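This chain uses plain numbering: 1 for the first residue, then up along the sequence. Bear in mind the structure is a predicted one, so any value in this text is a computation, not a measurement. When a ligand or atom number is given, it counts from 1 through the structure's own listing order.
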Amino acid sequence: MNPTPRPQAASSGESRPPVRSTVHGYPRIGPRRELKRASESYWRGDTSARELDEVAADLRLGVYAQLREAGVDDIPSNTFSHYDHVLDTAVMFDLVPSRFAPPAAARDRDEELRRYFALARGERGAPPLEMTKWFDTNYHYLVPELSPSTRPRLVGDKPVAEFREAARAGFHTRPVLVGPLTFLLLAKAADDAPEGWEPIELLDQLLDAYAQLLSRLREAGATEVQLDEPVLATDEGRAAPDHLERVCQRLGSLTDRPALLLCTYFGSVGADALRVLKESPVEAVGLDLVTDGEGVDDLVRVCGLGATRLVAGVVDGRNVWRTDVPAAVATLGTLLALADELTVSTSCPLLHVPLDLAAETSLEPRLREALAFARQKAEEVALLGRVLSEGAGGEYAGKGVPAPSFTDARVRARLDALGPRAYERPRDRPAPADKPLTTTTIGSFPQTAELRRARAAHRRGELDGEAYERLLREEIDRVIALQEDVGLDVLVHGEPERNDMVQYFAEQLEGYATTEHGWVQSYGSRCVRPPILFGDVSRPGPMTVGWTAYAQSRTGKPVKGMLTGPVTMLAWSFVRTDQPLAETARQVGLALRDEAADLERAGIRHIQVDEAALRELLPLRRERHPEYLEWAVSSFRLATSGVSPSTTIHTHMCYSEFGTIVDGIEALDADVTSVEAARSRMELVRDLGDRGYRRGIGPGVYDIHSPRVPSVAEIEAALRLAAAHVDPAHLWVNPDCGLKTRGYAEVGQALRNMVEAARRVRADLTG
Ligand code: GLN
Ligand code: ZN
């Protein structure tokens with residue numbers, strides 16, 4: 001049944017080098033999150049630098065062994081990091097702000113590590129580097145701060161040391177480096193840099209330092225080095241073929257160097273970049289042939305790569321589905337005509353998928369069959385390499401059946417039956433607030449150690465459902481009492497029952513599965529376990545109504561219900577690929593619409609639908625924004641348009657750089673939008689004011705990321721600033737985000753100060 005192409009026969013018939021296999025990168029946290037435990041224990045001072053280094057070395061060697069066992073031909077190194085690979089690069093090239101003292105000349109390892117972690121996490125007085133999301137993933141990198149006086153120079157040897165360490169253990173590896181373009185285009189100008197100066201101006205100097213590193217690697221015996229340039233998949237990177245050419249020429253012209261693999265991922269890079277690469281001295285080019293389906297077309301457009309080796313990313317490195325092997329074999333057959341030499345790889349490093357499906361024992365078998373985590377993906381590239389080299393057939397029969405689809409006719413029929421009215425609320429709705437500067441919070445209250453312990457005990461079956469629920473009700477009682485005491489206007493129940501804003505809903509929705517060990521690094525030692533959205537989504541029953549209604553029964557003030565919006569439900573999950581995201585989002589929207597209706601029926605007059613990830617999921621390329629915003633907005637509106645016009649719909653976003661999506665935010669048509677604003681000094685409010693924004697806006701008046709209690713005066717100043725730009729009747733008063741990571745010690749006082757500041761400003765405004 002399976003097509004068994006014999007690519008060799010299809011090609012020129014001359015002998016061609018065998019097709020090899022590799023992966024761009026691999027999870028680094030370990031099968032049991034060993035890196036997390038080891039780092040946190042080191043931070044607490046419980047273990048030494050040496051102990052931490054030993055754990056790290058074991059993890060690295062474990063990865064090489066696992067890749068070899070999977071049958072992968074070419075194994076990468078330097079994919080490990082103690083915190084983040086962009087930070088590693090900055091430290092290695094001495095691109096560190098001066099507020100972090102350099103390690104003593106003696107090169108004390110402990111001191112070196114402490115400084116490294118201080119850059120990531122901050123330390124007495126010195127704020128850490130800013131952290132932000134790595135392209136459109138949920139991984140965070142540390143943003144290098146550069147200025148014209150910065151002098152890149154090679155001061156570290158991490159890639160060399162890890163190459164040697166692997167070699168001693170019998171693995172000849174390919175060191176992986178963050179490419180110079182990606183590094184500079186992701187860096188930001190330090191505060192003291194002159195207006196208009198950009199880090200890319202350091203390119204030539206940085207290339208000198210890379211040249212030095214390459215020659216060190218060559219000396220150590222490296223025969224090939226991988227330079228990661230994912231930035232080439234973005235508009236910014238695509239617009240810089242001249243910079244790319246400089247990189248390739250400068251590094252390519254070195255006389256004694258390892259072969260260069262220039263790797264791109266997270267999307268196609270366009271024909272311009274391919275032309276530059278094809279003409280350059282770079283020996284190999286890695287392309288993502290999965291993400292947007294344009295990679296192969298680009299290759300055809302430039303008539304292939306000729307003698308430049310193609311590292312073909314045909315196995316999806318970011319999602320958890322098994323590869324359709326026959327389809328991949330067919331694609332690779334086509335590619336053999338477009339490059340003389342071919343290596344099979346993943347579309348991107350496997351950093352963003354969990355390590356090993358073997359650890360999951362309780363997934364439904366039919367679903368489990370359809371999945372592949374990092375280890376299984378490594379096996380897939382190896383299999384593909386073998387099939388292509390040996391023309392082996394049959395071997396993969398049965399492995400290539402496309403994933404089963406899990407459809408639900410009822411869901412589809414309901415969605416089909418919806419008319420355009422289902423996505424619209426009446427334009428004229430009653431004003432959501434009865435006074436200016438209404439006070440509220442974003443949803444969660446502190447997740448105390450007691451709560452976490454109880455949840456864990458409940459999960460393990462050591463605490464029965466009744467006892468657990470009693471505990472949650474008591475917690476809600478406390479949260480309600482605190483808010484009444486503080487004098488807030490619109491209350492929340494505090495979300496004590498939620499482990500995570502996505503997982504909580506995923507566990508209750510049909511079409512979603514959760515894993516036991518499917519951890520993925522989010523930043524540093526922080527890992528998340530994204531649920532898997534595998535089939536048509538529906539809601540078997542109410543998900544939040546019990547807790548919210550209980551909270552409402554304890555107070556005469558309105559309690560705001562809390563839901564996680566469709567885009568965020570998709571962004572922080574692994575999502576099915578057998579239908580467009582738009583369709584999947586609509587299904588989630590429909591389930592939330594039912595929940596909103598039930599909340600309303602239970603007497604809830606305010607409903608907040610969080611879209612924390614609205615911007616994160618924005619496509620890397622501008623030309624794709626309109627299509628994305630179209631479905632993002634309509635799924636939100638589907639979720640929120642079923643309630644009566646007098647019910648107030650809130651939404652919340654965790655950032656304030658709205659430039660690119662401000663139209664989208666307006667189109668959500670929420671009555672009140674709360675956003676982070678404290679750190680950017682209400683910039684957003686100014687922008688919205690200038691646009692004549694007419695719905696409610698709740699700019700965060702204090703930063704919840706630190707335990708510091710803001711004073712009445714500073715909140716008051718923020719509010720006066722905001723009130724100067726938007727009509728105070730539309731102004732809401734709230735913190736930047738949820739309070740779950742804070743402690744009760746500071747939360748009570750901070751909220752009291754917030755309420756008092758609002759009272760003062762309101763009093764002035766109303767005379
Ligand atoms: N309602 C959520 C909370 O307060 C929102 C979290 C978020 O925006 N990330 O925790
Ligand atoms: Zn937030």
Side-chain angles (χ1 to χ4, degrees), residues 131-133 138 140 439-448 451-452 455 472 475-476 479-480 482-483 488 490-506 522-523 526 528 530 543-544 547-548 551 559-573 592 595-596 599 604 606-617 636 639-640 648-658 661 665 668 670 672-680 684 697-706 732-744 747 750-751 754:
M131 190 164 68
T132 194
K133 296 211 170 178
N138 192 21
H140 303 65
T439 56
T440 188
T441 60
I442 305 303
S444 57
F445 268 69
Q447 286 263 338
T448 58
L451 269 178
R452 285 175 211 275
R455 186 163 34 249
L472 293 180
E475 183 66 18
I476 291 174
V479 169
I480 293 289
L482 173 66
Q483 295 172 92
L488 286 155
V490 175
L491 312 195
V492 296
H493 79 290
E495 306 180 21
E497 77 287 11
R498 302 188 190 176
N499 37 14
D500 172 274
M501 66 188 283
V502 170
Q503 184 160 356
Y504 177 76
F505 291 95
S522 173
Y523 61 88
R526 178 73 75 97
V528 294
M543 304 181 283
T544 64
W547 300 120
T548 317
V559 170
K560 182 165 64 166
M562 285 294 150
L563 306 176
T564 301
V567 173
T568 306
M569 287 299 296
L570 264 53
W572 295 343
S573 306
L592 293 172
E595 184 73 10
L599 281 169
I604 303 302
H606 291 260
I607 298 172
Q608 179 171 311
V609 178
D610 290 325
E611 279 297 19
L614 186 66
R615 219 192 57 151
E616 173 184 324
L617 220 56
F636 182 92
T640 53
T648 302
I649 294 291
H650 299 244
T651 187
H652 167 70
M653 282 139 213
C654 300
Y655 40 80
S656 60
E657 315 88 67
F658 274 170
I661 52 166
I665 290 174
L668 296 179
V672 184
T673 302
S674 63
V675 294
E676 175 182 312
R679 284 186 291 188
S680 61
L684 162 89
I697 174 84
V701 293
Y702 77 88
D703 177 12
I704 55 88
H705 297 90
S706 116
W732 285 62
V733 182
N734 47 256
D736 257 353
C737 194
L739 303 167
K740 60 174 166 258
T741 56
R742 296 272 59 88
Y744 274 108
V747 159
L751 292 177
M754 183 181 91

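A distance of 8.0 Å separates CD1 in Ile697 from OG in Ser674, rounded to the nearest 0.5 Å. Going from atom CD1 of Ile665 over to atom CZ of Arg615 covers 9.5 Å, rounded to the nearest 0.5 Å.
Side chain of Thr439 to main chain of Leu488: no donor-acceptor pair is present (N/O by atom type, distance under 3.5 Å, no hydrogens or angles). Counting only distance, with no hydrogens or angles, the side chain of Gln447 and the backbone of Arg452 share no donor-acceptor pair below 3.5 Å. Gln483 places a side-chain N or O within 3.5 Å of a backbone atom of Val492 that can act as its donor or acceptor partner. Proximity of a side-chain donor or acceptor of Lys560 to a complementary backbone N or O of Thr441 within less than 3.5 Å is detected.
When each atom of ligand 1 is checked for a heavy atom of His652 under 4.0 Å away, the hits are 8 (O). Using a 4.0 Å cut-off to heavy atoms of Ile442, the atoms of ligand 1 that qualify are 1 (N), 4 (O). Residue Lys740 approaches ligand 1 through these ligand atoms, each under 4.0 Å from one of its heavy atoms: 10 (O). Heavy-atom proximity to Gly738, at under 4.0 Å, picks out these atoms of ligand 1: 3 (C), 4 (O), 10 (O). Ligand 1 places these atoms under 4.0 Å from at least one heavy atom of Gly443: 4 (O). Per-residue contacts place Cys654 under 4.0 angstrom from the following atoms of ligand 1 (heavy atoms of the residue considered): 7 (C), 8 (O), 9 (N).
Glu495 meets the salt bridge (Lys or Arg N to Asp or Glu O under 4.0 Å) test with no other residue; sequence neighbours excluded.
Residue Ala612 comes nearest to Trp572 through the heavy atom pair CB-CH2, 3.7 Å, listed as atom of the first residue, atom of the second, then distance. Across every non-hydrogen atom of Met653 and Leu668, the tightest pair is CE-CD1, 3.4 Å.
Here 3 is the count of protein N, O or S atoms positioned under 2.8 Å from the Zn ion (ligand 2), waters not counted.
The shortest distance between side-chain heavy atoms of Leu563 and Thr544 falls below 4.5 Å.
Between Trp572 and ligand 1, a contact under 3.5 Å exists for no N or O pair.
Remark: among candidates Glu611, Glu676, Met501, the nearest residue to atom 6 (C) of ligand 1 is Met501, based on non-hydrogen atoms.
Neither the backbone nor the side chain of Met653 has a heavy atom within less than 4.0 Å of ligand 1.
In this structure, His650 and His606 have tilted ring planes: the angle between them lies in the 30° to 60° band.
Looking from atom 2 (C) of ligand 1 to the surrounding protein, the closest heavy atom is Asp610 OD2, 3.3 Å. At the top of the distance list for atom 3 (C) of ligand 1, counting protein heavy atoms only, stands Ser444 OG, 3.3 Å.
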